[in-house]
Amino acid sequence: MTEERTHTLVMTGDAGIKSAKDVAAVLHEAIEQNARIEVDTQTVSAADITTVQTLLSARVSANARHKTLHMLTPLGAPLQAVLEQAGFLSPGQEHLGFWSATPDQPAGH
């Protein structure tokens with residue numbers, strides 16, 4: 001049995017609505033080619049709610065393929081700001097663990 005390697009996907013630049021198709025395509029490719037993906041957003045220069053939706057969708061897609069997608073922390077400042085403003089980091093939020101350093105829970109909701 002071979003050891004599963006973790007692929008680190010470094011997101012850079014504008015990850016908002018202007019680049020949504022490109023961001024989704026890069027995430028899709030990473031999921032297709034790897035069983036374990038960690039997403040690094042430290043060099044993202046712009047993010048919006050589309051970024052959040054794209055990442056959550058990628059997580060669901062990975063889980064459906066019995067793969068894992070985790071966010072590396074700390075999150076990039078633009079993504080962190082969007083998550084805070086939209087309430088995604090509030091206690092009790094369904095996806096709170098996905099954005100934090102705690103292990104990701106399988107999507108089943």
Side-chain angles (χ1 to χ4, degrees):
M1 186 179 230
T2 60
E3 180 182 330
E4 281 186 3
R5 292 182 45 206
T6 300
H7 173 71
T8 301
L9 173 62
V10 178
M11 293 177 61
T12 62
D14 184 342
I17 195 164
K18 293 177 185 177
S19 303
K21 279 185 165 181
D22 294 335
V23 171
V26 168
L27 285 163
H28 176 76
E29 183 178 334
I31 293 166
E32 288 297 316
Q33 296 179 4
N34 303 280
R36 297 179 53 81
I37 302 101
E38 293 179 336
V39 181
D40 180 346
T41 60
Q42 282 293 295
T43 56
V44 167
S45 61
D48 56 29
I49 198 68
T50 306
T51 312
V52 174
Q53 293 170 327
T54 303
L55 288 165
L56 288 172
S57 177
R59 176 186 182 210
V60 169
S61 179
N63 287 338
R65 291 171 175 78
H66 304 288
K67 298 180 178 192
T68 59
L69 183 105
H70 297 279
M71 299 300 297
L72 290 178
T73 57
L75 299 171
L79 179 58
Q80 181 80 27
V82 170
L83 292 168
E84 288 173 0
Q85 292 169 359
F88 282 94
L89 301 179
S90 300
Q93 289 297 312
E94 178 182 1
H95 303 289
L96 180 61
F98 180 57
W99 310 112
S100 68
T102 59
D104 194 19
Q105 298 298 315
H109 308 284

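With values rounded to the nearest 0.5 angstrom, Arg36 atom CZ is found 10.5 Å from Thr8 atom OG1. Here the CZ-CG distance, from Arg65 to Asn34, works out to 12.5 Å after rounding to the nearest 0.5 Å. Taking NE2 of His95 as the start and CG of Leu89 as the end, the distance is 12.5 Å to the nearest 0.5 Å.
Under the 3.5 Å distance criterion, the side-chain polar atoms of Thr43 are matched with a main-chain donor or acceptor of Met11. Formation of a donor-acceptor pair under 3.5 Å by the Glu38 side chain with backbone atoms of His7 is not found in this model. No donor-acceptor pair under 3.5 Å is formed between the side chain of Lys67 and the backbone N or O of Ser61. Judged by distance alone, the side chain of Thr54 and the main-chain N or O of Thr50 form a donor-acceptor pair under 3.5 Å.
In this structure, Ile17 places its CD1 atom where only 12 or fewer heavy-atom neighbours from other residues, nucleotides or ligands lie under 6.0 Å away.
There is no path of hydrophobic side-chain contacts, each under 4.5 Å, that joins Val10 to Leu72.
The minimum heavy-atom distance between Trp99 and Met71, with the atom names listed, is CE3-CG, 4.0 Å. Residues Val23 and Ala15 share a closest heavy-atom pair of CG2-CA, 3.9 Å. Closest approach of Ala58 and Ile31 over heavy atoms only: O-CD1, 3.3 Å.
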Problem set entry | Criterion side-chain contact (heavy atoms from CB on, under 4.5 Å) on Asn63 and Arg59, from CA distance to verdict | CA-CA 6 Å; Asn63 287 338; Arg59 176 186 182 210; 3.9 Å; yes

For this session: Would you sort out whether Val82 and Phe88 count as a side-chain contact (heavy atoms from CB on, under 4.5 Å), showing the intermediate values?
Result: CA-CA 8 Å; Val82 170; Phe88 282 94; 6.0 Å; no

For this session: Before giving the answer on side-chain contact (heavy atoms from CB on, under 4.5 Å), spell out for Leu69 and Leu9 the whole-Å C-alpha distance, their side-chain angles and the decisive distance to 0.1 Å.
Result: CA-CA 10 Å; Leu69 183 105; Leu9 173 62; over 6 Å; no

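Counting heavy atoms from C-beta outward, Ile37 and Thr68 have side chains that stay 4.5 Å or more apart. Between Thr51 and Thr41, every side-chain heavy-atom pair lies at or beyond the 4.5 Å cut-off. Taking the side chain as every heavy atom from C-beta outward, Leu79 and Val52 approach each other to under 4.5 Å.
Of the options Val39, Val44, Leu83, Asp40, a side-chain contact (heavy atoms from CB on, under 4.5 Å) to Leu75 is made by Leu83 and by none of the others.
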